[in-house]
Amino acid sequence: VRESTTTRQIFLSSSEVMENSCSRKNLFPTPIHQKARSPIRKHMTDEEREVLNKLVKGAGLTAVGLFTSKALAYLYRILVGRYLGPEAYGQLSIGMMVFGITMTVTSLGLGGGLKNFIPEYRSENDEAAIKGVVLSSLQLTTISTVLVGLTVFFSADFIAVRIFDSAALTEIIRVFGLLPIVARPY
C-alpha cells in the first residue's frame with residue numbers, strides 16, 4: 001500500500017515531530033548578533049524605502065500632534081472646571097455639545113464625498129469637475145449651516161426647558177447654535 005504525501009504529513013512519527021520542532025534552525029532562525037531584515041524591506045528599491053520612511057515619520061508626527069492635542073484639551077478642561085465651577089462648566093459642556101451636533105448635522109457628510117471625488121477627478125485632470133464639486137458642497141453646507149443655526153437659535157427656549165429642564169441654558173444654546181455660522185470654514 002502506497003502512502004500518500006498528505007497522509008504522511010498528517011501522521012508524522014513522534015521522533016519526526018521532535019526533530020522538526022526542536023531543531024536549532026527553527027528555534028533560532030537568525031543568529032542574535034546579525035540584524036534580521038524583514039522580507040518586505042529586503043525586496044524594496046531605494047525609492048520605496050524613502051517613501052516608507054516619509055510615511056513612518058508622518059505617522060509619528062501625527063501621533064505626537066494627537067497626543068499633544070488630547071493633553072492640552074484635558075488641561076483646558078481642568079482649568080475651566082476649576083475657574084468656572086461645576087454648574088457653569090456643565091452649562092459650557094452642554095453648549096459645546098450643541099455646537100458639535102450642529103456642526104455634524106450641517107456638514108451633511110460632504111467631506112467624505114470630497115475625499116472620494118477630488119482624487120478621482122484629479123487623476124482624470126478634470127479641473128472643472130473638481131471646482132464644481134467643491135463649489136456645490138460649499139453652497140450646500142452654507143445653506144444647511146444657516147438653516148440649522150437659525151433653527152437652534154429660535155428653538156433654544158424649547159431645547160433648554162423641555163430637554164434640559166433649565167431655562168438658564170437658553171442664552172448659551174442660542175450662542176452655541178449660531179456659532180457654526182461664524183465658525184464654518186468657507
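These numbers were taken from a predicted model, which means no experiment stands behind them. Values below: all heavy atoms of this structure, side chains included; hydrogens, waters and symmetry mates excluded.
- Evaluation of the side chain to side chain contact (heavy atoms under 4.5 Å, CB included) rule for L169 yields Q91, I94, A160, F164, S166, I172, I173 as partners, not counting sequence neighbours.
- Side-chain contact check for L92 versus F176: some heavy-atom pair is nearer than 4.5 Å.
- Cluster membership for L108 and V105, using ILVMFWY side-chain heavy atoms within less than 4.5 angstrom, is not shared.
- With sequence neighbours excluded, no residue forms a salt bridge (Lys or Arg N to Asp or Glu O under 4.0 Å) with E120.
- When the side chains of ILVMFWY residues are joined at heavy-atom separations under 4.5 Å, either directly or via intervening members, I143 and L150 end up in two distinct hydrophobic clusters.
- Once rounded to the nearest 0.5 Å, the distance linking CE of M103 with CE of M96 reads 11.0 Å.
- A distance of 13.0 Å separates CZ of F153 from OG1 of T102, quoted to the nearest 0.5 Å.
- Under the side chain to side chain contact (heavy atoms under 4.5 Å, CB included) criterion, R77 pairs with Y89, sequence neighbours left out.
- In this structure, T142 contributes its side chain and L138 its backbone to a donor-acceptor pair below 3.5 Å.
- With sequence neighbours excluded, the residues forming a side chain to side chain contact (heavy atoms under 4.5 Å, CB included) with F158 are R162, listed by chain and number.
- Atom CG of L179 is separated from atom OG1 of T145 by 11.5 Å, given to the nearest 0.5 angstrom.
- Of all non-hydrogen atoms in L114 and S137, the two that sit nearest each other are CD1-OG, 3.6 Å.
- No option in V146, T106, L110 other than L110 meets the side-chain contact (heavy atoms from CB on, under 4.5 Å) test with T141.
- Only one option out of I78, V80, L79 pairs with Y76 in a side-chain contact (heavy atoms from CB on, under 4.5 Å); it is V80.
- Between I118 and I130, the shortest heavy-atom contact is O-CD1, 4.1 Å.
- No more than 12 heavy-atom neighbours from other residues, nucleotides or ligands sit within 6.0 angstrom of CD on E47.
- Residues passing the salt bridge (Lys or Arg N to Asp or Glu O under 4.0 Å) test with E48, sequence neighbours excluded: none.
- Pairing each heavy atom of G149 with each of L178, the nearest pair is O-CD2, 3.9 Å.
- Applying the under-4.5 Å side-chain rule to Ile, Leu, Val, Met, Phe, Trp and Tyr, the cluster around V64 consists of that residue alone.
- Contact detail for D157 and T170: the closest heavy-atom pair is OD1-OG1, 3.6 Å.
- A single hydrophobic cluster is seen to contain both V148 and M97, as judged by linkage of ILVMFWY side chains at heavy-atom distances under 4.5 Å, directly or through other members.
- V51 has its side chain out of reach of L55: every pair of non-hydrogen atoms, C-beta onward, lies at least 4.5 Å apart.
- Separating the CG atom in L140 from the CG atom in L135 is a distance of 11.0 Å, to the nearest 0.5 Å.
- The residues K131 and E127 are annotated as not salt-bridged, no charged nitrogen and carboxylate oxygen being separated by less than 4.0 angstrom.
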